[in-house]
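Structure first, then comments.
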Amino acid sequence: GDRVKKTTIIIGVLLSLTIISSSITIWSLFFRETENHDKAPDYAPIEIEENATIEQYDTYFCNIRSMRVLNSRWTEAGGSQIIVGVARKMAELVEGKGIVARMGGDNFFVFLKKEFRNAFISQMAELVIRVLLEDTTYFVRVGTRMGMYSNKKGDTTRWCLDASSMALQYIRVSSDKFCIEFQKEMQQHDIRVKSIKEDLRRGIEEEEFEIFFQPKVRLSTKEICGAEALSRWNRNGEIISPSEFVPILEHNGAICHLDFYVFEQVCKNIREWQKAGIEPIRISSNFSKRHLSNANFAEEILQTLDKYE
């Protein structure tokens, strides 16, 4: 039969970043030649940059926007091709100017000379990636997110990586921009986000989330005609705003658990009002779009309602 063509892709895992005197030696890995576009490659280390001062470079931590959705739309094989395609595009953009290193999944670090910053950022906003599935070629528009740190003299490589990673994390929970430069206040934000993450599941399990009803008023009669159920987190006596914990819950998927917790509390309240002879009003309960991927979503809502018939 016809021989399968081999493809070589310049990308890899960052092995180590070692400061030697005033210069930086950067180690990366190449994808080995592989016969399948969607097969995970093997790696071999090579040295690709030496005797360059660290302040000549910017550090970027990048990932692919909505990779989970892309995997669902284009299958796992298509998703793998998208990651490989993004890697190839990035390698082309930085060739001779820096390095690209894959950290696993759809996460990449880039070290790039500062004079190429604007061109790189503008070209990374949206990429068009070729995907081949069942002998059909598709061209997929792929968005990215990037945290960027402008390296300073005396910085350790570990700090450059951490700072760019914090900037990317800030985008995920607090910004709709696709690229943002690290600012000092992001370090405190990162510490608070990690602290909230650590306490969130315990807070849900121990029912620290309080439910409030925001009334809806009919203007013509000035009567309450409904309400919206809102949650507030009473964390060690401090009321945490949803703007702080909801983006984190959305990101890790735990928002679905909280949504059903709130919904069940609403059902309990309505049942208690009925038992007390109070005519209940219509209550709105919010559900994240993440529930749309749950085939049993409607059934779980009905099961909760049935518990309080």
Side-chain angles (χ1 to χ4, degrees), residues 7-17 24 26-34 37-49 52 54 56-71 74 78-132 138-151 157 160-165 167-169 171-172 177-182:
T7 304
T8 302
I9 303 139
I10 303 173
I11 180 190
V13 176
L14 204 59
L15 268 188
S16 65
L17 296 163
I24 178 172
I26 300 173
W27 294 78
S28 186
L29 296 172
F30 275 8
F31 273 167
R32 194 178 62 148
E33 289 189 342
T34 176
H37 289 283
D38 58 351
K39 181 181 177 183
D42 295 326
Y43 303 97
I46 62 169
E47 184 179 321
I48 61 174
E49 183 72 23
I54 197 168
Q56 291 176 314
Y57 289 81
D58 289 326
T59 305
Y60 300 83
F61 187 15
C62 319
N63 70 9
I64 299 172
R65 188 180 293 273
S66 304
M67 191 65 223
R68 187 181 289 105
V69 175
L70 292 172
N71 274 327
W74 299 103
S80 295
Q81 291 183 52
I82 288 171
I83 291 174
V84 169
V86 169
R88 182 186 293 118
K89 292 276 190 182
M90 294 173 72
E92 290 172 357
L93 291 174
V94 305
E95 185 176 7
K97 310 161 190 172
I99 64 164
V100 178
R102 179 173 177 241
M103 302 304 292
D106 63 321
N107 297 308
F108 303 86
F109 274 113
V110 175
F111 271 62
L112 180 67
K113 290 182 178 178
K114 291 183 177 181
E115 58 263 36
F116 303 106
R117 177 190 298 177
N118 292 339
F120 177 69
I121 291 174
S122 64
Q123 291 178 82
M124 283 295 296
E126 185 178 72
L127 304 173
V128 178
I129 305 300
R130 178 180 177 271
V131 173
L132 179 64
Y138 303 90
F139 291 92
V140 183
R141 293 186 179 276
V142 178
T144 63
R145 292 179 293 202
M146 303 195 300
M148 189 270 284
Y149 175 69
S150 179
N151 301 350
T157 50
C160 295
L161 300 178
D162 286 347
S164 60
S165 177
L168 179 62
Q169 180 63 27
I171 290 176
R172 286 175 167 172
K177 296 180 180 179
F178 98 93
C179 181
I180 195 167
E181 184 175 357
F182 173 82

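Under the salt bridge (charged side-chain N to carboxylate O under 4.0 Å, His left out) criterion, Glu92 pairs with no residue at all, not counting sequence neighbours. Applying the salt bridge (charged side-chain N to carboxylate O under 4.0 Å, His left out) test to Asp162 and every residue at least two apart in sequence or in another chain returns Arg158.
The backbone N or O of Arg141 sits nowhere less than 3.5 Å from a side-chain atom of Glu126 that would complete a donor-acceptor pair. For Lys113 (side chain) and Gly96 (main-chain N/O), no donor-acceptor pair under 3.5 Å exists by modelled atom type. Side chain of Thr144 to main chain of Met124: a donor-acceptor pair is present (N/O by atom type, distance under 3.5 Å, no hydrogens or angles). Distance alone, capped at 3.5 Å, is enough to place a donor-acceptor pair between the Asp106 side chain and the Ile64 backbone.
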Practice problem: Assess whether side-chain contact (heavy atoms from CB on, under 4.5 Å) is satisfied between Phe111 and Gln56, documenting all intermediate values. | Solution: CA-CA 10 Å; Phe111 271 62; Gln56 291 176 314; over 6 Å; no
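Using a 4.5 Å cut-off on side-chain heavy atoms (C-beta onward), Arg145 and Leu168 make contact. Side chains of Ile121 and Phe178 form a contact here, defined as non-hydrogen atoms less than 4.5 Å apart. No side-chain heavy atom of Phe116 sits less than 4.5 Å from a side-chain heavy atom of Val94. Using a 4.5 Å heavy-atom cutoff, the side chains of Val86 and Lys89 are not in contact. Between Met146 and Phe120 the shortest side-chain heavy-atom distance falls below 4.5 Å. Residues Phe61 and Leu161 have side chains not in contact (no heavy-atom distance under 4.5 Å, counting atoms from C-beta outward). Looking at Ile83 and Phe108, their side chains come closer than 4.5 Å, going by heavy atoms from C-beta outward.
Asn151 and Cys160 get closest at one heavy-atom pair: OD1-SG, 3.4 Å. Scanning all heavy atoms of the two residues, the minimum distance from Glu181 to Ala167 falls at C-CB, 4.4 Å. Here the shortest heavy-atom pairing between Val110 and Cys62 reads CG2-SG, 4.2 Å. The heavy-atom pair separating Lys97 from Tyr57 by the smallest distance is O-CE2, 3.8 Å.
Between atom CE of residue Met90 and atom CD1 of residue Ile99 there is a gap of 11.0 Å, rounded to the nearest 0.5 Å. Between the CZ atom in Arg65 and the CG atom in Leu127 there is a gap of 12.0 Å [rounded to 0.5 Å]. The structure places CG of Leu112 at 10.0 Å from CE of Met148, a figure rounded to the nearest 0.5 Å. For the atom pair OG of Ser150 and NZ of Lys114, the computed distance is 3.0 Å after rounding to the nearest 0.5 Å.
Aromatic ring pairs are classed by plane angle as parallel below 30°, tilted from 30° to 60° and perpendicular above 60°; the pair Tyr149 and Phe182 is perpendicular.
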